[in-house]
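Notes to accompany the following structure.
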Number of protein chains: 2
Amino acid sequence: MTGGAQPPREASVDVIQRELTAFARRARAAAARVHPELPLVSYTLLAHIEEQRGCRATDLAAHYFLDKSTVSRQVAGLEKLGFVERRPAPDDHRVHVLHPTEAGTKVLAAAQTNRLAAFEERLEDWPAEDLARFAAYLLRYNAAATNPAPVPPPS
Amino acid sequence: MTGGAQPPREASVDVIQRELTAFARRARAAAARVHPELPLVSYTLLAHIEEQRGCRATDLAAHYFLDKSTVSRQVAGLEKLGFVERRPAPDDHRVHVLHPTEAGTKVLAAAQTNRLAAFEERLEDWPAEDLARFAAYLLRYNAAATNPAPVPPPS
DNA sequence: GCTTTCGGTTGTATAGTACAACGAGTACTT
DNA sequence: AAGTACTCGTTGTACTATACAACCGAAAGC
């Protein structure tokens with residue numbers, strides 16, 4: 001493919017949008033199969049909380065384009081399950097600093113293992129070079145989506 | 001990247017799972033922004049109905065791993081909006097054959113245009129070669145996910 | 001100090017989904 | 001031909017994820 005005639009850009013873009021959409025459609029159900037104990041959104045938030053130790057609910061909302069009420073409820077759910085702790089920040093009494101509990105760390109690790117295994121199974125016969133490139137493409141795509149519009153600030 | 005040391009397979013797989021998941025999380029909200037009149041799921045189903053002329057509800061359910069009740073309601077919604085028609089099949093009185101109406105075709109085309117534009121904006125500075133490869137990778141990935149487990153039949 | 005802003009919760013509404021029960025139609029078996 | 005079993009679809013019910021709006025308490029800016 002690299003040498004000869006390439007499909008026109010728009011055809012590639014169309015395939016990309018279609019296939020990414022197809023993936024998105026299946027993601028929730030797939031997550032439920034792979035780790036039924038930790039639904040997709042909870043998984044994601046918990047993973048973020050673990051990575052960014054001591055993050056706040058607002059950070060999560062901003063990062064995932066979620067309403068703060070959604071985050072509030074999700075975190076409340078995770079807390080009720082005993083997977084995160086909400087500690088009042090010492091300096092600012094408004095914020096709750098989020099930490100994973102031991103149980104949270106454990107269940108997250110298990111979910112990540114299952115998740116990774118599921119992906120590895122689907123990718124097992126890919127050459128390493130293709131994996132690396134695919135990963136790079138996805139990173140690049142998502143990075144572009146994260147800084148969506150270089151909106152010229154008024155004034 | 002192609003010449004030198006590649007990241008280990010598992011690192012790439014981890015990135016892939018993380019980034020695909022990130023995309024999935026944002027997909028619904030993004031769809032709502034891009035074509036508010038046709039939510040993600042309706043869009044997907046309507047597109048499928050248009051492509052596979054005369055498909056049945058069961059086909060949709062199988063293709064998208066959805067429960068038939070879900071499909072039933074989604075299709076009912078599309079019908080109420082006037083975007084699809086349910087015609088009883090002549091040979092089998094159980095099945096409803098689905099066809100897009102003219103309005104459906106129109107709204108779908110508009111949504112696809114917006115959608116494509118949004119993707120193209122995010123991909124505008126990609127070289128054509130990368131686009132083609134990215135598209136190919138996604139196709140390959142999703143094809144693997146569609147025939148998920150070569151489950152050995154118990155017999 | 002008063003007002004504004006910020007972080008978060010709660011009330012309410014909606015979409016999307018699954019599972020279970022069912023109804024009507026078709027196919028298989030004897 | 002009758003009875004059983006399977007298939008397609010709908011409906012009842014419940015739950016998750018989500019948004020928007022209204023609100024509360026704490027902090028910051030004037």
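Small disclaimer: the values here were computed from a predicted structure and weren't measured.
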message: Ignoring hydrogens and geometry beyond distance, is the side chain of B:S69 in donor-acceptor contact with the base of C:dC19 at under 3.5 Å?
response: yes

query: Where along residues 32-45 of chain B does a heavy atom fall under 4.0 Å from DNA chain C?
result: B:P39, B:V41

Indicate, with a heavy-atom threshold strictly under 4.0 Å, whether [X] touches base, sugar-phosphate, or nothing.
{"X": "B:D59", "answer": "nothing"}
{"X": "B:T58", "answer": "sugar-phosphate"}
{"X": "A:R73", "answer": "base"}

Integer-rounded Å distance: [N] [atom2] and [X] [atom1]:
{"X": "B:D92", "N": "C:dA24", "atom1": "CG", "atom2": "C1'", "value": "11 Å"}
{"X": "B:R94", "N": "D:dA5", "atom1": "CZ", "atom2": "P", "value": "17 Å"}
{"X": "A:D67", "N": "C:dA13", "atom1": "CG", "atom2": "P", "value": "17 Å"}
{"X": "B:Q74", "N": "C:dT17", "atom1": "CD", "atom2": "C1'", "value": "9 Å"}
{"X": "B:K80", "N": "C:dT14", "atom1": "NZ", "atom2": "P", "value": "12 Å"}
{"X": "B:H96", "N": "C:dT26", "atom1": "NE2", "atom2": "P", "value": "12 Å"}
{"X": "A:L60", "N": "D:dT18", "atom1": "CG", "atom2": "P", "value": "12 Å"}
{"X": "B:K68", "N": "D:dT10", "atom1": "NZ", "atom2": "C1'", "value": "9 Å"}

Position toward the 5' end of DNA chain D (nearest nucleotide), B:V97 or A:D91: B:V97

- prompt: Is there a donor-acceptor pair closer than 3.5 Å between any side-chain N or O of A:T113 and the backbone N or O of A:A109?
  reply: yes

query: Just by modelled atom types, is the A:R56 backbone N or O under 3.5 Å from a matching donor or acceptor in the A:D59 side chain?
result: yes

message: Strictly below 4.0 Å: does B:R86 bring a side-chain N or O up to OP1 or OP2 of D:dC8?
response: no

task: Report yes if a side-chain nitrogen or oxygen of B:T70 is closer than 4.0 Å to either non-bridging phosphate oxygen (OP1 or OP2) of C:dT17; otherwise report no.
output: no

query: Parallel, tilted or perpendicular: which describes the rings of A:F134 and B:Y141, with under 30° parallel and over 60° perpendicular?
result: tilted

- line: In A:L98, A:V75, A:V84, A:V41, the residue satisfying side chain to side chain contact (heavy atoms under 4.5 Å, CB included) with A:L46 is A:V84

query: Do we get A:R115 above A:Y43's six-membered ring, with its NZ or CZ under 6.0 Å from the centre and within 45° of the axis?
result: yes

query: Which nucleotide, C:dG7, C:dA18, D:dC20, lies nearest any side-chain atom of B:L66?
result: C:dA18

message: Measuring only between side-chain heavy atoms, which start at C-beta, is A:L138 closer than 4.5 Å to B:Y137?
response: no

Listed partners of B:T101 passing side chain to side chain contact (heavy atoms under 4.5 Å, CB included), at least two apart: B:E85, B:A103

